[in-house]
Student: 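Attaching a single structure in structure tokens format; questions to follow.
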Amino acid sequence: MRLNLNIKNKIILGSVPTLILVTVLTFLAYQSIQSLVNDANWVKHTHEVISNASTIEKLVIDMETGERGFLIAGKEEFLEPYKSGKKELSGLLQKTKDLVSDNPAQIEKLKIIEQTIALWQKNAAIPEIKNRREVNQRISTMADVTSLIEEGTGKRHMDDIRAKLQAFKQVESELLVSRKLESERGIMIAQNVIFWGTGVILISSLSWSLWFAGSISRPLS
């Protein structure tokens, strides 16, 4: 009876190292997977920020196109892209600020972009639209509208907006490259953890099994 108890204890003891190694491997694999998920979320996040910046640029261009169309044709329906773009911009800019809330420098860039868009509207778009409406009312002439356009205020502001948006996207593109590399590094680490961890468990389990089998068989012999 005493011999059976000793054998039982040895078998239980022999399984402990394997259980410990499996637990450690499970923990490391879990950590690696969590890191991969986190890296993937950051990559997705950066793609979203870049997409928003491109949409902001498109909306501003649509606004400018609508305004130019109105200046030429003098029909209010041409202002629809200007009005809808203006309506969407505020929410999109705020959403993008929220996305980069972890990056004060990028938030500051967005604030400056927002201010530059507001300046374009104040110094170019609004006065030109007002002047064109006065042409329709025969208060002003097309020469007055042309004079405003030729001052180049609107073009300077639009060039400035595009340059600032490009600088903003450049930072995010660099972050994207860095985060993709981090993600690839995480995948490699996860693969190594699983591959080498499994190998260590198999070798250790086999070694412990042989050792304990010997320790049990010798007394029996």
Side-chain angles (χ1 to χ4, degrees), residues 22-67 79-126 153-198:
V22 169
T23 302
V24 171
L25 176 61
T26 301
F27 174 77
L28 292 175
Y30 175 78
Q31 291 292 99
S32 298
I33 291 169
Q34 286 295 103
S35 178
L36 285 176
V37 170
N38 187 55
D39 291 339
N41 285 336
W42 274 114
V43 170
K44 180 183 175 183
H45 167 276
T46 310
H47 275 299
E48 188 175 356
V49 173
I50 293 172
S51 175
N52 281 8
S54 296
T55 304
I56 289 169
E57 186 173 14
K58 180 182 179 300
L59 287 174
V60 174
I61 292 171
D62 287 347
M63 287 173 69
E64 184 190 33
T65 302
E67 185 231 354
L79 280 177
E80 190 55 41
Y82 176 86
K83 293 175 181 177
S84 61
K86 183 179 178 181
K87 186 177 179 180
E88 289 180 49
L89 263 177
S90 179
L92 186 57
L93 280 163
Q94 185 56 53
K95 181 182 177 182
T96 310
K97 286 178 195 173
D98 293 339
L99 283 173
V100 296
S101 58
D102 61 310
N103 193 332
Q106 287 294 79
I107 291 176
E108 189 59 33
K109 282 186 176 69
L110 282 173
K111 287 180 179 178
I112 294 172
I113 289 167
E114 190 172 21
Q115 291 167 3
T116 309
I117 293 171
L119 283 174
W120 168 70
Q121 290 178 270
K122 178 184 175 183
N123 298 333
I126 293 174
T153 304
K155 184 181 183 304
R156 284 193 297 273
H157 282 309
M158 289 302 298
D159 289 344
D160 198 18
I161 292 168
R162 289 189 183 96
K164 286 179 168 61
L165 278 167
Q166 184 57 40
F168 176 85
K169 287 193 286 185
Q170 181 62 35
V171 172
E172 292 298 322
S173 295
E174 290 169 3
L175 284 172
L176 182 60
V177 171
S178 172
R179 286 164 179 170
K180 281 184 175 179
L181 288 173
E182 196 66 32
S183 180
E184 290 169 3
R185 195 176 298 117
I187 291 171
M188 189 177 296
I189 290 171
Q191 289 173 336
N192 286 335
V193 166
I194 294 170
F195 178 79
W196 291 109
T198 302

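Heavy atoms only: backbone and side chains are in, while hydrogens, waters and symmetry mates are out.
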Student: Drop me the distance from T96's OG1 to L89's CG, to the nearest 0.5 angstrom.
Tutor: 9.5 Å
Student: For the pair T46 (side chain) and W42 (backbone), establish whether a donor and an acceptor sit closer than 3.5 Å, ignoring hydrogens and angles.
Tutor: yes
Student: To the nearest 0.5 Å, what is the distance between CG on D62 and NZ on K58?
Tutor: 4.0 Å
Student: Rounded to the nearest 0.5 Å, what separation is found between the CE atom of M63 and the CD atom of Q121?
Tutor: 4.0 Å
Student: Output the distance between atom CD1 (I161) and atom CD (Q166), rounded to the nearest 0.5 Å.
Tutor: 14.0 Å
Student: Just how far is it from atom CD1 of I56 to atom NZ of K95, taken to the nearest 0.5 Å?
Tutor: 10.5 Å
Student: Is there a side-chain contact between E88 and T55 in this structure, where contact means two heavy atoms from C-beta onward sitting under 4.5 Å apart?
Tutor: no
Student: Among pairs that include at least one residue of residues 157-169, which meet salt bridge (charged side-chain N to carboxylate O under 4.0 Å, His left out), considering only residues two or more places apart or in two chains?
Tutor: E57-K169, E64-R162, K155-D159, D159-R162, D160-K164
Student: Counting only heavy atoms not in K122, do more than 12 fall under 6.0 Å of its NZ?
Tutor: no
Student: Over all heavy atoms of both residues, which pair between V60 and I117 is shortest? Give the atoms and the distance, please.
Tutor: CG2-CD1, 3.7 Å
Student: Name all pairs fulfilling the salt bridge (charged side-chain N to carboxylate O under 4.0 Å, His left out) condition that reach into residues 96-113, sequence neighbours left out, sorted by first residue then second.
Tutor: K97-E114
Student: Please answer whether the main-chain N or O of F168 pairs with a side-chain N or O of Q106 as donor and acceptor at a distance below 3.5 Å.
Tutor: yes
Student: Ignoring hydrogens, what is the shortest heavy-atom contact between G154 and A124? Give both atom names and the distance.
Tutor: CA-CB, 3.4 Å
Student: Return the CD to NE2 distance between E48 and H45, rounded to the nearest 0.5 Å.
Tutor: 7.0 Å
